[in-house]
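In this chain, numbering begins with 1 at the start of the sequence shown.
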Amino acid sequence: TPKSFRSSYGRLRWPVAGTVINRYGKYTDENGQTVDSRGIDIEANYGEPVRVVFAGQVTLADYVRGYGQTVAVKHGQYTTIYAHLNGIRVRKGQQLEEGDVVGLVGNTGLTDGDGYMLTFEIRYNSRAQNPGPWLSPE
């Protein structure tokens with residue numbers, strides 16, 4: 001496994017198998033509102049396990065307004081965020097290995113549609129990064 005989060009650029013595992021329905025950055029949603037997405041939305045089956053993309057420590061495992069049930073995992077200066085979960089499977093302070101299940105796909109919090117999805121974000125010192133190029137090609 002790569003030694004650092006940074007060195008796994010372009011090689012991170014996908015947190016869940018599914019289809020990217022909203023990409024990072026500004027887009028117009030179905031209501032004509034401009035959304036500045038800080039991550040990507042991956043449509044997936046309800047209850048599908050969501051896995052952490054890299055080893056790290058859970059810094060948040062709680063309900064967050066707008067994000068629903070959310071898990072944040074710190075990897076050095078980077079943090080990955082997993083939102084709109086149905087059921088959190090980890091607790092704050094827990095050390096995770098790559099591939100550990102953080103929660104299940106759901107539709108908690110504010111989501112555009114009635115489908116089920118995972119919002120996945122990568123932050124570097126709290127600044128949002130585009131997760132797309134970080135993930136290994138499907």
Side-chain angles (χ1 to χ4, degrees):
T1 50
K3 300 280 180 288
S4 71
F5 190 86
R6 180 82 194 88
S7 69
S8 56
Y9 185 85
R11 291 201 299 270
L12 284 181
R13 62 176 299 155
W14 283 72
V16 71
T19 310
V20 175
I21 49 171
N22 293 316
R23 300 207 168 270
Y24 174 84
K26 287 189 167 51
Y27 68 91
T28 305
D29 72 10
E30 51 203 23
N31 306 319
Q33 302 289 319
T34 299
V35 179
D36 192 1
S37 169
R38 295 202 285 187
I40 57 174
D41 295 336
I42 305 168
E43 193 170 48
N45 294 328
Y46 180 80
E48 195 74 26
V50 174
R51 298 175 187 279
V52 70
V53 298
F54 196 84
Q57 185 176 33
V58 178
T59 54
L60 172 87
D62 209 347
Y63 190 90
V64 177
R65 191 184 166 132
Y67 278 72
Q69 291 186 32
T70 302
V71 170
V73 181
K74 193 164 172 54
H75 322 273
Q77 292 175 299
Y78 290 89
T79 301
T80 53
I81 294 164
Y82 310 82
H84 307 302
L85 298 172
N86 166 50
I88 291 173
R89 295 284 182 271
V90 292
R91 61 187 187 283
K92 188 174 174 178
Q94 191 174 339
Q95 284 291 340
L96 301 180
E97 291 305 314
E98 179 188 328
D100 285 353
V101 174
V102 295
L104 306 176
V105 171
N107 190 358
T108 56
L110 290 173
T111 60
D112 281 351
D114 47 10
Y116 301 106
M117 64 175 212
L118 169 73
T119 293
F120 174 65
E121 298 183 6
I122 296 177
R123 305 246 175 108
Y124 173 69
N125 291 335
S126 3
R127 292 216 319 277
Q129 311 289 305
N130 182 355
W134 282 88
L135 296 166
S136 59
E138 287 177 281

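- Distance CG/D41 to CD/E121: 9.0 Å, rounded to 0.5 Å.
- For N107 (side chain) and Y116 (main-chain N/O), no donor-acceptor pair under 3.5 Å exists by modelled atom type.
- Side-chain contact, Y9 with Q129: no donor N or O sits under 3.5 Å from an acceptor N or O.
- V90 has its side chain within reach of V71: a pair of non-hydrogen atoms, C-beta onward, lies under 4.5 Å apart.
- V53 approaches E98 most closely through the heavy-atom pair O-CG, 3.5 Å.
- Here the shortest heavy-atom pairing between I42 and P15 reads CD1-CG, 4.1 Å.
- Closest of all the heavy-atom pairs between T79 and A72 is CG2-CB, 4.0 Å.
- The only member of K74, H75, R123 that meets side chain to side chain donor-acceptor pair (under 3.5 Å) when paired with T80 is H75.
- Rounded to the nearest 0.5 angstrom, N22 CG and T119 OG1 are separated by 8.0 Å.
- Partner of Y82 under the side-chain contact (heavy atoms from CB on, under 4.5 Å) criterion, out of T70, V16, V105, V102: V102 alone.
- I88 and L104 fall into different hydrophobic clusters, defined by Ile, Leu, Val, Met, Phe, Trp and Tyr side-chain heavy atoms under 4.5 Å apart, directly or through other members.
- Aromatic rings of Y24 and W134 (six-membered ring for Trp) have centroids beyond the 6.0 Å cut-off, not under it.
- In this structure, the separation between OG on S4 and CD on Q77 is 10.0 Å, given to the nearest 0.5 Å.
- Distance NZ/K92 to CG/L60: 7.5 Å, rounded to 0.5 Å.
- Remark: the backbone N or O of G132 is paired with a side-chain donor or acceptor of N130 at under 3.5 angstrom.
- Of the possible polar contacts, none joining the E97 side chain to the A55 backbone as a donor-acceptor pair under 3.5 Å is found.
- Annotation for Y78 and R6: closest pair OH-CD, 3.0 Å, computed over non-hydrogen atoms.
- In this structure a side-chain-to-backbone donor-acceptor pair under 3.5 Å is missing from H84 to L118.
- In the hydrophobic cluster analysis, where Ile, Leu, Val, Met, Phe, Trp and Tyr join through side-chain heavy atoms closer than 4.5 angstrom, V101 is grouped apart from F120.
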*asked:* Evaluate I40 against L135 for side-chain contact (heavy atoms from CB on, under 4.5 Å), listing each step before the verdict.
replied: CA-CA 11 Å; I40 57 174; L135 296 166; 3.7 Å; yes

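- In this structure, the separation between OH on Y46 and CE on M117 is 15.0 Å, given to the nearest 0.5 Å.
- For the residue pair P131 and G39, the shortest heavy atom distance occurs at CG-CA, 4.0 Å.
- The two atoms that bring Q57 and G93 nearest to each other are NE2-O, 3.1 Å, heavy atoms only.
- L12 has its side chain within reach of I122: a pair of non-hydrogen atoms, C-beta onward, lies under 4.5 Å apart.
- Here the CZ atom belonging to F54 is positioned 10.0 Å from the CZ atom belonging to R11, to the nearest 0.5 angstrom.
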*Going through the checks in order, is the side-chain contact (heavy atoms from CB on, under 4.5 Å) test met by V50 and L85?*
CA-CA 8 Å; V50 174; L85 298 172; 3.8 Å; yes

